[in-house]
Amino acid sequence: MQPISSLSDGRRRFRIPYEAELNTSQLEAVTTTEGPLLVIAGAGSGKTRTLTYRVARLVEMGVSPAQILLLTFTRKAAQQMLQRASSLLDSRCEKVAGGTFHSFANTMLRRYASQLELDPGFSILDRVDAEALINLLRKEIAARVGQRSFPRKGTIAAIFSRSINKIIPLEDVVYDDYPHLIDSVEALNDIFLAYRKHKRQHNFLDFDDLLVFLRQLLTTRPDVRQRISSAYQYVMVDEYQDTNKIQADILYRLVGEHRNIMVVGDDSQSIYAFRGANFKNIMQFPQAFPGTRIITLEENYRSVQPILDLTNVMIEQAREKYSKKLFTRRPGLAKPVLVEASDENSQSLFVVDRIKQLQRQGVALDQIAVLFRASFHSFDLEIELNREEIPFIKVGGFKFVESAHIKDVLAHLRVIANCEDRISWYRILLLIEKIGPSSAQKIYEAVRRQACGYTGLLTVDTKIVRAPGIKRLQELFAGIDAQPLSLAATGQAVVKYYLPILKDTYDDHPKRAKDLEQLVAIMERYRDLDHFLTDMALEPPNTSIGDTLAVDAAGQQRLVLSTVHSAKGLEWHSVFIIWALDGRFPSPHALYKEAEIEEELRLMYVAATRARENLTFIYPDGVYDRSLGVLLNRPSRFIDMIPESILQKQTAGYWE
């Protein structure tokens with residue numbers, strides 16, 4: 001069979017003027033239709049446009065839409081590409097097989113279930129259903145072995161999924177990512193075996209099973225593999241740098257003899273290893289498919305050149321990469337800026353002041369973003385934004401005052417400030433083992449009868465309840481009352497009391513303990529408890545839904561606060577990257593592993609490439625890290641050595 005593309009373009013007339021609407025590299029990617037093709041699409045270089053035009057090109061060449069497979073990471077992405085292709089050409093493009101890896105796997109497994117001794121009517125467990133089943137088995141095994149403390153269902157589900165998607169033993173996941181759960185490895189293996197057995201017996205598949213069984217089908221049944229491969233003569237994959245090992249194996253087996261596979265991605269934006277994404281997939285694609293043609297999209301349509309000059313220098317530090325040099329036709333004037341602040345609050349005040357300045361210059365609030373490595377990095381800034389009544393939306397992670405462990409600690413402080421605060425009393429009492437709502441009410445009423453504030457708990461007859469934990473709370477309050485303490489010292493005492501509860505309540509307690517350290521650091525700025533609690537009570541006038549920005553009915557403009565992971569794929573006129581401090585960005589957990597440092601560098605690159613016009617890095621100087629026992633006072637290693645000809649340096653008290 002002669003390849004369709006072997007007919008010369010001179011003998012074919014295309015309705016779409018590809019040469020006029022695509023740049024040279026995009027056109028090359030769109031018109032290269034035979035054999036393996038790797039498109040390295042730099043940030044803002046139009047990868048979606050390239051995929052869309054390539055779908056239209058194949059259909060216009062006479063390829064049956066049913067023979068084209070477009071795999072993306074969200075159904076919405078596939079739908080949008082096919083709709084755009086249809087608007088370019090005609091409705092035939094909407095008949096292209098497009099969707100996610102999981103939806104494709106579901107279709108194939110329904111069709112060929114008997115080949116794996118599966119019932120084609122299998123039920124799919126979503127994450128909630130999977131966690132519910134894990135929780136049931138967790139309780140049964142705990143009762144059988146007499147173990148009281150097991151990781152929570154969400155944590156267990158995450159461990160199982162990571163083990164499957166990375167194709168590594170469960171033990172390795174625990175040792176690498178959950179070292180505080182090492183003692184539970186044997187129990188986790190028992191739960192995993194029971195979970196797998198239960199699914200098989202009841203004809204359930206979870207999301208990970210869809211990929212596992214599709215790979216098994218393609219591996220163990222060559223005849224089926226040949227049938228599926230011949231059905232899809234042209235395969236395209238978006239965001240290839242985010243694929244996991246199983247997905248890469250599926251593609252390798254799926255393409256078969258025709259080898260007409262095009263993958264699009266950017267190695268410099270591979271930042272989801274924690275979800276199972278395998279950076280090696282995109283780097284080793286040419287080895288997996290010998291004869292691969294590599295095309296690099298380097299023209300950027302998002303950022304001004306000074307920003308690209310910086311990001312080009314930044315990503316050159318990566319040890320393993322596809323070299324590229326982004327350029328744009330938008331010259332720009334302002335260089336990116338690195339700002340040194342005296343402390344965290346100075347950092348926050350600088351950002352607030354600069355945001356106001358941008359607004360005066362006509363930049364819309366929703367075209368400004370503040371990005372950070374970890375959710376707790378924005379806590380102090382949130383306080384200042386609330387104080388200045390600047391509306392914002394936070395994406396990725398939790399808001400300061402909405403996180404349960406922060407609310408627990410604040411409840412103890414509210415009780416100290418106001419003994420009549422029944423809600424806070426109930427919250428702190430219900431944290432104590434063997435105290436339920438009825439007992440909490442009795443204790444609260446007994447304290448009120450003492451009429452001496454929170455210290456009334458010290459003289460309450462503990463016979464009211466038989467809960468040993470109440471004595472620890474009494475000791476906490478007695479210690480606070482015994483001597484005058486600063487607000488921060490009071491907060492530290494409450495945190496010390498709360499840490500055992502934190503460890504018993506949350507599997508990710510080491511991370512949450514960091515949040516509590518940040519809370520105490522914020523308290524150091526206040527002289528009195530009432531002022532602090534007043535600021536904490538200010539409700540942020542916004543909401544976030546997962547990783548999606550939410551807009552209220554009035555369409556109010558809001559500043560965006562976001563973790564870098566949640567900002568990928570988005571862009572803003574002006575971007576601030578806060579806590580650009582070595583030991584915070586990169587994360588201290590990544591400092592001793594080369595692969596993790598490399599991913600942290602890519603994460604900083606993703607953050608910087610979100611900016612169109614203005615880019616500002618800022619870090620607080622002289623931050624003491626209690627867990628490491630060191631003083632952090634250097635900007636992130638990823639930007640520290642960038643010359644001032646590219647990155648302007650200044651202090652927070654000065655702005656040109």
Side-chain angles (χ1 to χ4, degrees), residues 3-9 12-101 104 229 231-243 251 254-255 258-266 282 285-286 289 291-299 301 322 569:
I4 291 176
S5 62
S6 66
L7 299 176
S8 69
D9 286 352
R12 185 187 310 280
R13 290 187 178 182
F14 293 101
R15 289 167 50 188
I16 300 172
Y18 297 96
E19 292 82 356
E21 297 186 12
L22 300 168
N23 66 38
T24 302
S25 297
Q26 291 173 338
L27 181 63
E28 185 181 2
V30 167
T31 56
T32 302
T33 57
E34 305 302 314
L37 174 63
L38 170 60
V39 177
I40 301 298
S45 63
K47 72 173 180 63
T48 300
R49 183 179 184 85
T50 302
L51 281 165
T52 300
Y53 274 78
R54 193 171 191 268
V55 167
R57 177 83 172 196
L58 287 170
V59 173
E60 196 168 6
M61 286 167 56
V63 178
S64 168
Q67 289 187 310
I68 303 171
L69 175 63
L70 173 63
L71 294 174
T72 62
F73 274 81
T74 65
R75 183 176 61 178
K76 182 179 179 182
Q79 289 174 338
Q80 288 178 341
M81 288 185 202
L82 298 182
Q83 287 169 359
R84 291 179 187 177
S86 295
S87 66
L88 286 172
L89 187 61
D90 54 47
S91 61
R92 287 177 294 168
C93 295
E94 291 189 354
K95 298 177 182 178
V96 166
T100 66
F101 277 90
F104 176 70
S229 177
Y232 300 104
Q233 290 293 309
Y234 295 88
V235 177
M236 289 179 282
V237 185
D238 188 22
E239 302 285 12
Y240 189 69
Q241 78 279 351
D242 294 334
T243 54
L251 289 171
L254 176 65
V255 172
H258 63 71
R259 302 173 73 247
N260 294 330
I261 179 171
M262 171 197 188
V263 300
V264 181
D266 184 4
I282 195 167
F285 184 85
F289 295 93
T292 291
R293 185 171 181 176
I294 301 176
I295 298 172
T296 304
L297 306 184
E298 296 178 300
E299 183 169 359
Y301 296 92
Y322 289 103

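Sequential numbering from 1 along the given sequence is applied to the chain's residues.
To the nearest 0.5 Å, the span separating CD on Glu34 from CD on Gln233 amounts to 9.0 Å. Separating the CD atom in Gln83 from the CG atom in Leu88 is a distance of 12.5 Å, to the nearest 0.5 Å. Ile16 contributes atom CD1, which lies 5.0 Å from atom CD of Glu60 (distance to the nearest 0.5 angstrom). Rounded to the nearest 0.5 Å, atoms NE2 (His258) and OH (Tyr232) are 11.0 Å apart. To the nearest 0.5 Å, the span separating CG on Leu22 from CD on Glu299 amounts to 11.0 Å. Taken to the nearest 0.5 Å, the CD1 atom of Ile40 stands 4.0 Å off from the CD1 atom of Ile282.
Considering all non-hydrogen atoms of both residues, Ala56 and Cys93 come closest at CA-SG, 4.1 Å. Contact record, Ala78 with Gly99: CB-N, 3.7 Å, taken as the closest heavy-atom pair. What you find for Glu239 and Phe73 is that their closest heavy atoms are O-CE1, 3.4 Å. Residues Glu298 and Thr296 approach most closely at CG-CG2, 3.4 Å, considering heavy atoms.
A cation-pi arrangement is not found for Arg259 relative to Phe289, the charged atom failing to lie both closer than 6.0 Å to the ring centre and inside a 45° cone about the ring normal.
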(request) Could you please spell out the steps behind the side chain to side chain contact (heavy atoms under 4.5 Å, CB included) verdict for Thr33 and Leu58? (result) CA-CA 8 Å; Thr33 57; Leu58 287 170; 3.7 Å; yes
(message) What verdict does the side chain to side chain contact (heavy atoms under 4.5 Å, CB included) test give for Asn260 and Gln67, after you've listed the backbone C-alpha separation in whole Å, the side-chain angles of each residue and the deciding distance to 0.1 Å?
(response) CA-CA 11 Å; Asn260 294 330; Gln67 289 187 310; over 6 Å; no
(request) Start with the C-alpha gap between Val264 and Thr50, add the side-chain angles, then the distance that decides, and say whether side chain to side chain contact (heavy atoms under 4.5 Å, CB included) holds. (result) CA-CA 9 Å; Val264 181; Thr50 302; 5.8 Å; no
(request) Carefully, step by step, assess Phe101 and Leu251 under the rule side chain to side chain contact (heavy atoms under 4.5 Å, CB included). (result) CA-CA 10 Å; Phe101 277 90; Leu251 289 171; 3.9 Å; yes
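Under the 4.5 Å side-chain criterion, counting only non-hydrogen atoms from C-beta, Tyr18 is not in contact with Thr31.
In summary, of the residues considered (Val55, Leu51, Thr52, Thr72), a side-chain contact (heavy atoms from CB on, under 4.5 Å) with Leu82 occurs for Val55 alone. Evaluated for a side-chain contact (heavy atoms from CB on, under 4.5 Å) with Leu69, the options Leu254, Val237, Ile261, Val96 yield exactly one hit, Leu254.
We find that Asp266 and Lys47 are not joined by a salt bridge, their nearest charged nitrogen and carboxylate oxygen being 4.0 Å or further apart.
Between Phe285 and Tyr322, the gap from one ring centroid to the other reaches at least 6.0 Å.
Within the 3.5 Å criterion, the main-chain N or O of Arg49 finds no donor-acceptor partner in the side chain of Arg84. Judged by distance alone, the side chain of Thr292 and the main-chain N or O of Leu38 form no donor-acceptor pair under 3.5 Å.
Defined by atom type and a distance below 3.5 Å, a donor-acceptor pair is present between the side-chain atoms of Glu21 and Tyr53. Inspection of the Gln26 and Glu28 side chains reveals no N or O donor paired with an N or O acceptor under 3.5 Å.
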